[in-house]
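One structure is given below, encoded as structure tokens.
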Amino acid sequence: MPTAVPARSTGGPEAPAPRRPGRSPALSSGAARAAVRIGAFALCQAAVMAGAGLLITGPGHGRWPLTVEDAVNESLEGARTSALTTASTIVSAFGDTSTVVGITFVSCLLLVLVPRLPLWREAVFLAAGVSLQSAVFLLITASVDRTRPDVERLDDSPPTSSYTSGHTGAATALYAGLAVLVLSRVRGPWRRPLAALLLLVPLLVGLARLYRGMHHPTDVAGGLLNGSLSLIVVGRAVLADHSWAARPPADAMDIAVAAAERRAAPARKHATVIVNPTVTDPATRDQLALVLAQHGYRAPSFVDTTAQDTGGGQTAEALRGGAELIVVCGGDGTVRAVADAMAGSGVPLVLVPCGTGNLLVRNLGLPIRPADALAAGLTGEPRALDLGRIEGDGFPTVHFTAMAGAGLDAAMLEETSDRAKSALGWPAYVLAGARGLRAPRMRLAVRLDGGPELHRTARMVLVANIGTVQAGAAPVPAARPDDGLLDLAVFDPRGVGGWLRAAGVLLSGKSRGGGGRRAAGTSRSKTAVGGPVEFHTFRRAELSFTRPQPREVDGDPVGSGRRLTAEVRPGALTVMLPARER
């Protein structure tokens, strides 16, 4: 049964003033707890690093492998040349305080100003990681007094101890931090080479400091460790989506309602939040209630899905009850069920990601943190998106928002247990997919928009409304959820070379064929017919298989069968998106 989140009294002078006007307390309610955890772990980090330094300068002094450190420095001193010295000067400058501070400041500024939605958490991660490394470095040098190597030094000796290497630690925190952001937040085939280049910089800085006679090898190793631990400590607190979510303070609802009353905004009446309770914890639910309250939805109904009804029935009931806004909080399956019930209704939907995949949310460029995604939707504008309608033997006609398919991908989803998904996330699908490679190829016939029948063999086929999936892979790179078309991808790699070319298609995010969209029913083939991947666009597609194949719709297996029929419903779903997304 729906449960209403009560609005608390805010009348008279007792109503508390908002702590930060225009911003929901839910968006920052976990900051204090995260700061405390960072501080606690930072003290442990400093203790470990200082303890290692005292061990090096105390009981470990004169023991192997510390006894060979001087030989390393002396051999590097003997290998000096004019060209190497110049190169070491340039590389060492990448770890200078002024360089690190400048690049950190510019990077954080770009993270806030350049993306369509400011990446505040990413900016905090980078700035806090670099700052924490510096703070721990100062604590270490105050605790450990180690002289610099007994060789000719090419730089002036700073007053700090040789242990640890501050240049190396700062470079690790900055450039490795940038590498983390590139790998986790950037799409495109160049992100891995760029991340590898960024990870190489701290190693080169450490080597340059050894070459210039400024540090022992263990000093450089300590700098690498200090910078890495700083990123781990801060990243675990700042970048983890739900791990440290905090319950809001007791007066948070009063603050949010008071803030809403002070905003010049039209009155909101009735919103329903469809929640998948298996992926939405109580703290996240409380945060969503606060964001809704600040934006004028004071008594939203929170309705849980069940194993028997994954969201469609609850949504239909909410629409019959006059809901003016539907918020869906769950994964791809929950979003699909809600969208199926909302198709053609015109009632706006706000997407709040709480599951494993969240493919539609990622393709729309919405924030992954639930409270941020809700705030972005509530302050956005309605936008009409396409839905796919699909049916087959053995399951009724349903709508999908992201992808449907048959073959390897469906078998992979069937083989992945809930326990594996909970423990590993999306990589659990990859492990399950490896087992499906032993299955024989399927034979199928494809008819697009009433055209001639095409006969193919394949490992899997995908019918797509969106282009990219997890980890930035783009199995159907040209698919868009607002173009009035669906895309078909037929994967049939053969041998090692075929799989490598298919992987190139997945990772490149590009498709050949003139660069623009073609008319429905035309081919956009990445390779020649019979190659590893073939693309088509269509409005209606009929697929028939010579024998039953596993099938899936938006990540949910729907049983094996020999037929799939899919067609597009242009603009059937209204989704609230930030204005800058248009």
Side-chain angles (χ1 to χ4, degrees), residues 1-3 241-242 245 271-285 287-289 291-292 300-319 323 325-343 345 347-364 366-374 376-378 385 387-390 395-396 398-404 413-414 416-418 421-422 425-426 428-429 465-466 469-470 481 552-558 572-577:
M1 294 295 292
T3 58
D241 290 330
H242 311 298
T272 299
V273 185
I274 309 298
V275 180
N276 183 341
T278 63
V279 294
T280 308
D281 56 36
T284 298
R285 190 187 297 243
Q287 289 184 343
L288 299 180
V291 177
L292 285 163
S301 300
F302 280 71
V303 185
D304 287 348
T305 65
T306 65
Q308 294 74 31
D309 190 339
T310 58
Q314 297 90 337
T315 303
E317 183 178 350
L319 293 175
L325 180 77
I326 300 292
V327 179
V328 56
C329 186
D332 293 321
T334 308
V335 171
R336 188 213 62 76
V338 171
D340 186 44
M342 295 185 67
S345 69
V347 175
L349 174 67
V350 176
L351 301 170
V352 178
C354 289
T356 304
N358 304 307
L359 296 184
L360 182 60
V361 167
R362 295 177 189 273
N363 277 262
L364 294 174
L366 290 169
I368 294 301
R369 184 171 180 261
D372 291 340
L374 178 57
L378 293 177
L385 300 183
L387 286 176
R389 182 164 53 194
I390 192 166
F395 71 92
V398 294
H399 291 89
F400 65 93
T401 63
M403 294 182 180
L413 292 165
E414 286 183 349
T416 305
S417 66
D418 291 338
K421 287 192 292 184
S422 177
W426 65 263
Y429 296 125
N465 191 38
I466 60 171
V469 294
Q470 295 91 340
E552 58 89 8
V553 177
D554 273 350
D556 288 334
V558 293
L573 184 66
T574 302
V575 176
M576 297 294 292
L577 297 176

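No experiment lies behind these values; they were computed from the predicted model shown. FYI, the numbering just counts along the sequence from 1.
Taken to the nearest 0.5 Å, the CG atom of Asn465 stands 8.0 Å off from the CG atom of Leu385. For the atom pair Leu359 CG and Phe400 CZ, the distance stands at 12.5 Å (nearest 0.5 Å).
If you check the side chains of Asp281 and Thr284, you find a donor sitting under 3.5 Å from an acceptor. No hydrogens or angles considered: a donor-acceptor pair under 3.5 Å links the side chains of Thr401 and Asp554.
For Ala572, the side-chain contact (heavy atoms from CB on, under 4.5 Å) partners are Leu387, Arg569, not counting sequence neighbours. Taking the side-chain contact (heavy atoms from CB on, under 4.5 Å) definition, one finds that Val328 meets it with Thr334, Val335, Val338, Leu349, Leu351, sequence neighbours left out. The side-chain contact (heavy atoms from CB on, under 4.5 Å) search around Thr310 returns Ala337, not counting sequence neighbours. Judged as a side-chain hydrogen bond (donor to acceptor under 3.5 Å, both in side chains), and not counting sequence neighbours, Thr272 has no contacts. For Thr278, the side-chain hydrogen bond (donor to acceptor under 3.5 Å, both in side chains) criterion is met by Asn276, not counting sequence neighbours. Shown here are the side-chain contact (heavy atoms from CB on, under 4.5 Å) partners of Ser345, two or more places apart in sequence or in another chain: Leu319, Met342, Val347.
When side chains are defined from C-beta on, Ile274 counts as touching Thr305, because their heavy atoms get closer than 4.5 Å. Proximity of Val275 to Val352: side-chain heavy atoms (C-beta onward) are nowhere separated by under 4.5 Å. Pro481 is listed as a side-chain neighbour of Leu364, based on a closest heavy-atom distance under 4.5 Å. Side chains of Val350 and Ile326 form no contact here, defined as non-hydrogen atoms less than 4.5 Å apart. By the 4.5 Å heavy-atom criterion applied to side chains, Met403 and Val469 are counted as neighbours. The shortest distance between side-chain heavy atoms of Met576 and Leu378 does not fall below 4.5 Å. No side-chain heavy atom of Val273 sits under 4.5 Å from any side-chain heavy atom of Val303.
In this structure, Asp332 does not pair ionically with Arg362, as no charged nitrogen and carboxylate oxygen lie closer than 4.0 Å.
Looking only at distances, no side-chain donor or acceptor of Asp340 sits under 3.5 Å from a matching main-chain atom of Arg336. A side-chain donor-acceptor contact under 3.5 Å links Gln314 to the backbone of Gly311. In this structure, the side chain of Glu552 does not engage the main chain of Val558 through any donor-acceptor pair within 3.5 Å.
Here the closest non-hydrogen pair linking Gly333 and Asp556 is CA-OD2, 3.4 Å. Residues Gly331 and Val279 approach most closely at N-CG2, 4.5 Å, considering heavy atoms. Between Leu573 and Ala339, the shortest heavy-atom contact is CD2-CB, 3.9 Å. Closest approach of Ala376 to Pro367, counting heavy atoms only: CB-CD, 4.1 Å.
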Worked verdict on Val327 versus Phe302 for side-chain contact (heavy atoms from CB on, under 4.5 Å): CA-CA 9 Å; Val327 179; Phe302 280 71; over 6 Å; no

As a quick check of understanding, evaluate side-chain contact (heavy atoms from CB on, under 4.5 Å) for Glu317 and Asp309, giving each step before the final call. CA-CA 12 Å; Glu317 183 178 350; Asp309 190 339; over 6 Å; no

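Checking each of Pro300, Cys354, Pro370 against Leu288 for a side chain to side chain contact (heavy atoms under 4.5 Å, CB included) leaves exactly one that passes, namely Pro370.
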